Amino acid sequence: MATPDLFAQPIPVPAALEAVSASERIAGLRAELDLHAHRYYVLDEPSIPDSEYDRLFRELQALEAAHPDLQSPDSPTQRVGGKALGQFATVRHRIAMLSIRTETDTEASGARNFDNRVRKELGLTESDPPVEYVAELKFDGLAMSLRYEHGVLVQAATRGDGEMGEDVTQNIRTIRQIPLRLPSGAPPVMEVRGEVYMRRGEFEALNERQREKIAKGAKGEKTFANPRNAAAGGVRQLDPAIAAERRLSFFAYGVGEVTPPEQDGPAFETHYALLQTLKSWGFPVAAQTRLAQGATELIAFHDTVRKERDRLPYDIDGVVYKVNSLALQRRMGFVSREPRWAVAHKYPAQEQLTTVLAIDIQVGRTGKLTPVAKLAPVFVGGVTVTNATLHNEDEARRKDVRLGDTVIVRRAGDVIPEVVSVLLDKRVPDATQFTMPRQCPVCGSEAVREEGEADYRCTGGLFCAAQRKEAILHFAHKRAVEVEGLGDKLVEQLVDAGVIRTLPDLYKLGFASLASLERMAEKSANNLVAALEKSKHTTLPRFVFGLGIRHVGEATAKALARHFCQLDRIMDATEAQLLEVDDVGPIVAKSIHTFFDQPHNREVVEQLRACGVTWEESEPVALAVKPLSGKTFVITGTLPDLSRDEAKDMIELAGGKVAGSVSKKTDYVVAGLEAGSKLIKAEALGVAVIDQEDLMALLHGLPD
Ligand code: D41
């Protein structure tokens with residue numbers, strides 16, 4: 001509901017409504033608009049999208065125009081901007097903060113209409129040259145007037161109704177981008193006007209913090225519908241420390257009162273020069289700001305920015321065109337508080353109303369189950385949206401989205417569309433609350449949500465089609481069962497072509513089926529067959545790591561292999577037995593146990609073995625006799641002949657452990673060339689420092 005929308009063109013009165021009592025409809029619309037305006041301006045908590053508010057507003061404007069006898073001074077159409085909240089001192093703007101006329105036509109004709117009006121107003125004919133304009137971004141924040149006296153920021157005021165605003169100086173001072181002082185030479189009174197806004201990244205982070213507070217049971221906390229409301233809330237904080245936490249930003253786009261310079265300060269002749277001066281004083285001015293000659297260049301600007309819009313780190317809802325010459329601006333003046341020399345040219349709205357047709361569950365590549373609202377198609381943010389994520393169970397519950405609900409969807413930037421909120425008064429009576437399924441919709445395996453986690457996950461693992469690509473890539477990773485040359489593109493292609501369904505299928509790939517794939521050269525097919533053959537000879541820790549069991553990283557896989565020595569013993573271990581392994585806690589133990597409890601995961605392991613994937617296994621008793629058992633090493637610097645990973649593998653095979661940092665528990669620091677702080681620390685702690693040769697001696701005579 002950015003103020004300019006209030007001045008959009010009235011829409012025609014729907015014929016059917018003429019039949020209904022116009023006075024009733026007008027009363028209804030006024031009540032509804034008053035309610036929404038209160039929620040928006042006073043509570044910073046809008047309940048409908050701006051686009052919907054605009055529609056109702058224009059319907060009321062049209063009805064009042066058709067029935068002048070029903071006009072009333074207290075109608076929302078007779079009011080401009082917001083009402084002061086009453087907590088801040090009121091400020092009378094010495095020069096009113098005007099509104100800006102909005103061109104609702106989001107097509108090129110919007111720019112052309114404006115140029116035509118300007119030319120007509122100035123009495124220009126077709127033979128006259130194009131008018132020079134400044135084209136700016138239209139930031140979606142709140143307008144602010146910053147007053148500097150003798151170069152010092154003395155007051156910051158909101159726009160309010162254009163005549164009277166609120167004094168929010170303390171909060172505005174927390175915005176780092178706003179200079180507290182102007183350079184000498186600035187006019188003795190200088191009001192800089194612009195937009196306070198919140199970057200999308202800050203908005204997401206703020207809502208994340210709010211969600212955490214709410215989850216911890218904090219009272220009176222809420223999340224924000226969009227960056228503008230979060231910014232507005234921040235500006236109106238009574239405690240400047242809280243305002244500071246919002247990390248607001250500012251862009252300058254104009255000036256208010258300016259007294260003439262005492263000596264020869266800047267005398268502005270064009271709007272563009274004015275912006276350049278503000279920029280040189282340290283005010284942020286959007287880099288996109290351009291001079292444009294005539295309608296053609298305005299249209300080009302509108303197009304370019306539309307394409308860039310999604311990549312900007314903040315929301316804009318359009319662009320603004322202004323006549324560049326200040327003399328021409330003065331000549332043109334304004335009508336009903338809108339300058340004739342400026343216009344806002346909008347883009348399609350980023351929030352719209354639609355209805356929920358279904359709530360589906362999507363299974364991600366790591367087995368994460370995400371509830372997704374299927375929506376009646378709606379055009380929002382320039383694309384037709386049919387899906388919106390509900391993130392997870394808690395989010396879905398919090399928003400309480402139900403089948404048949406009317407919801408606000410938002411699509412801003414390249415972020416995935418989101419349900420912002422539900423219009424509760426439009427809910428169908430018997431709509432049932434959403435519950436997360438306890439089974440994976442793709443493979444039917446049990447879905448579980450672990451303590452302290454937000455997401456349900458499918459326990460189907462390698463068996464679940466949705467998780468296959470990720471699982472295969474992980475298996476083929478160079479620290480797992482390395483399959484050289486099997487990268488994400490190829491895995492994608494193999495899985496999508498239906499050539500691979502499960503991990504063991506990898507080893508059933510023949511040369512022929514590979515070579516028949518699109519973009520697959522004969523040589524690459526040969527290489528892959530060879531790489532697969534080579535990967536069959538692996539080690540137990542690599543294989544266990546390669547299975548992609550949740551919470552089982554490389555170190556845990558090694559610890560499991562060291563402890564159990566045989567895969568079957570790992571697969572059959574109880575949670576209690578798993579807990580005996582170094583570094584395995586309850587969450588990891590449970591995850592391993594759950595994984596091998598699923599028959600299909602066991603089946604995958606059996607098939608891989610049947611395909612010839614092998615590793616050496618030993619008897620667990622061998623553990624005790626390993627020479628480096630119980631010894632902890634730290635490797636630092638460059639060893640003459642061994643890579644760090646090789647040295648690590650050798651130590652671990654001999655029963656030792658390799659840690660990342662030196663402590664009193666470290667037995668040996670293996671130091672190579674250019675060893676740094678770890679060596680110094682070892683010496684300080686009196687830990688034995690050895691070189692590669694000493695390490696080999698320790699390992700000497702041991703089986704590989
Ligand atoms: O970026 C904006 N939101 C923006 C707002 C802008 N770039 N220029 C603006 N110019 C004006 C005039 C022409 C009146 C100096 C504005 C606004 N006004 C404005 N914003 C809110 C009310 C008026």
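When a ligand or atom number is given, it counts from 1 through the structure's own listing order. Worth saying up front: this structure is predicted, and the values here are computed from it rather than measured. No hydrogens, no waters, no symmetry mates; every other heavy atom, side chains included, goes into these values.
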>> Using 30° and 60° as the class boundaries, would you call the ring planes of W281 and F268 parallel, tilted or perpendicular?
In response: perpendicular

> Does R290 have any salt bridge (charged side-chain N to carboxylate O under 4.0 Å, His left out) partners at least two apart in sequence or in another chain, and if so, which?
Replying inline: none

> Less than 4.0 Å between a side-chain N and a carboxylate O, is that true for E202 and R199?
Replying inline: no

>> Tell me the closest heavy-atom pair linking L63 and I26, and the distance in Å.
In response: CB-CG1, 3.8 Å

> Would you call D400 and R427 a salt bridge, using N to O less than 4.0 angstrom?
Replying inline: yes

> Should you measure from each heavy atom of L137, which atoms of ligand 1 turn up under 4.0 Å away?
Replying inline: 1 (O), 7 (N)

> Taking heavy atoms and a distance under 4.0 Å, where does K322 meet ligand 1: side chain, backbone, both or neither?
Replying inline: side chain

>> Heavy-atom pairs closer than 4.0 Å: do any link ligand 1 to the side chain of R193, the backbone, both, or neither?
In response: neither

>> Quick check on contacts: which atoms of ligand 1 are under 4.0 angstrom from a heavy atom of A342?
In response: 13 (C)

> Should one rank G256, S99, G318 by closest heavy-atom distance to atom 14 (C) of ligand 1, which comes out on top?
Replying inline: S99

>> Looking only at distances, can you tell me whether any N or O atom of Y253, backbone or side chain, sits closer than 3.5 Å to an N or O atom of ligand 1?
In response: yes

> Heavy-atom contact under 4.0 Å between G254 and ligand 1?
Replying inline: no

> What's the verdict on side chain to side chain contact (heavy atoms under 4.5 Å, CB included) for Y321 and H345, showing C-alpha distance, side-chain angles and the deciding distance?
Replying inline: CA-CA 8 Å; Y321 311 135; H345 192 189; 2.9 Å; yes

>> Could you check whether R101 pairs with E103 (Lys NZ or Arg NE/NH1/NH2 to Asp/Glu carboxylate O, under 4.0 Å)?
In response: no

>> Pairs of nitrogen or oxygen atoms closer than 3.5 Å, one from E136 and one from ligand 1: do any exist?
In response: yes

> Is it the side chain (CB and beyond), the backbone, both or neither of F139 that lies under 4.0 Å from ligand 1, heavy atoms counted?
Replying inline: both

> With a cut-off of 4.0 Å, which atoms of ligand 1 are near a heavy atom of R159?
Replying inline: 22 (C)

